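Here is the structure we will look at, set down as structure tokens.
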Amino acid sequence: MKPGFYAIAQAGGDQDPQDDEAYGLAVLAHFKGGRFVGVDPGGCKISGDYRTDSDGRLALHLNYDFKAGVELANGAVFDRETRLEADLLLAPGAAEGQPQPVDIGLGPMFIRLNWLADPA
């Protein structure tokens with residue numbers, strides 16, 4: 001995975017993962033040196049670490065910190081600050097924008113990582 005800023009787009013698990021119109025921006029994140037950090041449009045934060053395994057898969061440990069009062073796409077609202085943690089194993093093409101099925105505890109969804117730039 002090349003370092004830099006990535007836009008992470010999300011689509012519901014019941015959507016066609018090949019349909020570009022099904023995706024909305026979920027997170028803007030910076031990946032570098034095995035660590036990542038980012039924010040979503042609601043001001044919630046993500047952080048964690050990543051590595052590429054011997055098969056080219058992207059292994060991530062994700063911390064997603066939600067603010068109290070945040071409403072999710074499914075209509076659920078967190079009444080207090082909440083951290084969700086998840087371990088994800090993404091296919092080798094994940095860093096090049098290939099749709100990936102994931103579930104971080106909020107129901108199934110698809111994500112796409114789209115490299116934007118490396119400011120270094």
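Model, not experiment: these values are computed from the prediction.
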Self-check item: Qualifying side-chain hydrogen bond (donor to acceptor under 3.5 Å, both in side chains) pairs with a residue from residues 98-111, counting only residues at least two apart or across chains
Solution: Gln98-Gln100
Quiz item: Out of curiosity, Leu62 CG to Ile46 CD1, how far, rounded to the nearest 0.5 Å?
Solution: 6.0 Å
Practice problem: Starting at CG of Asp16, measure out to CD of Glu21 and round the result to the nearest 0.5 Å. | Solution: 11.0 Å
Quiz item: With the threshold set at 4.0 Å, does a side-chain nitrogen-carboxylate oxygen contact exist between Arg112 and Asp20?
Solution: yes
Shortest non-hydrogen separation from [X] to [Y] and the atoms involved:
X	Y	result
Pro41	Leu25	CG-O, 3.9 Å
Gly97	Asn114	CA-OD1, 4.1 Å
Leu90	Ala94	CB-CB, 3.6 Å

Quiz item: When clusters are formed from ILVMFWY side-chain contacts under 4.5 Å, directly or step by step, what else is grouped with Val77?
Solution: none
Mind checking salt bridge (charged side-chain N to carboxylate O under 4.0 Å, His left out) for [X] and listing every partner two or more places apart, or none if nothing turns up?
X	answer
Asp87	none
Asp65	Arg83
Arg51	none

Practice problem: Please name all residues satisfying side-chain hydrogen bond (donor to acceptor under 3.5 Å, both in side chains) with Asp79, sequence neighbours left out, ordered by chain then number. | Solution: none
Self-check item: Residues in side-chain hydrogen bond (donor to acceptor under 3.5 Å, both in side chains) contact with Asp49, at least two apart in sequence or another chain
Solution: none
Exercise. Tell me whether Ile104 is reachable from Ile111 by hopping between hydrophobic residues (I, L, V, M, F, W, Y) whose side-chain heavy atoms are closer than 4.5 Å.
Key: yes
Quiz item: For the hydrophobic clusters of this structure (ILVMFWY residues joined by side-chain heavy atoms under 4.5 Å, transitively), does one cluster hold both Leu106 and Val70?
Solution: yes
Quiz item: So which pairs with a foot in residues 68-105 pass ring-ring contact (aromatic ring centres under 6.0 Å, His included), sequence neighbours left out?
Solution: Phe66-Phe78
Quiz item: Going by the salt bridge (charged side-chain N to carboxylate O under 4.0 Å, His left out) test, which pairs reach into residues 53-64, not counting sequence neighbours?
Solution: Asp53-Arg57, Asp55-Arg57
Practice problem: Applying side chain to side chain contact (heavy atoms under 4.5 Å, CB included), name anything that partners Pro17, two or more places apart in sequence or on another chain. | Solution: Tyr23, Pro99, Phe110
Quiz item: In chain order, what residues pass the side chain to side chain contact (heavy atoms under 4.5 Å, CB included) check against Ala76, with sequence neighbours excluded?
Solution: Leu72, Asn74
Please table the atom pairs, donor to acceptor, closer than 3.5 Å between any side-chain atom in residues 1-15 and protein atoms at least two apart or in another chain.
from: Tyr6; atom 1: OH; to: Lys2; atom 2: O; distance (Å): 2.7

Quiz item: Can Val27 and Phe36 be said to form a side-chain contact (heavy atoms from CB on, under 4.5 Å), step by step?
Solution: CA-CA 12 Å; Val27 173; Phe36 65 92; over 6 Å; no
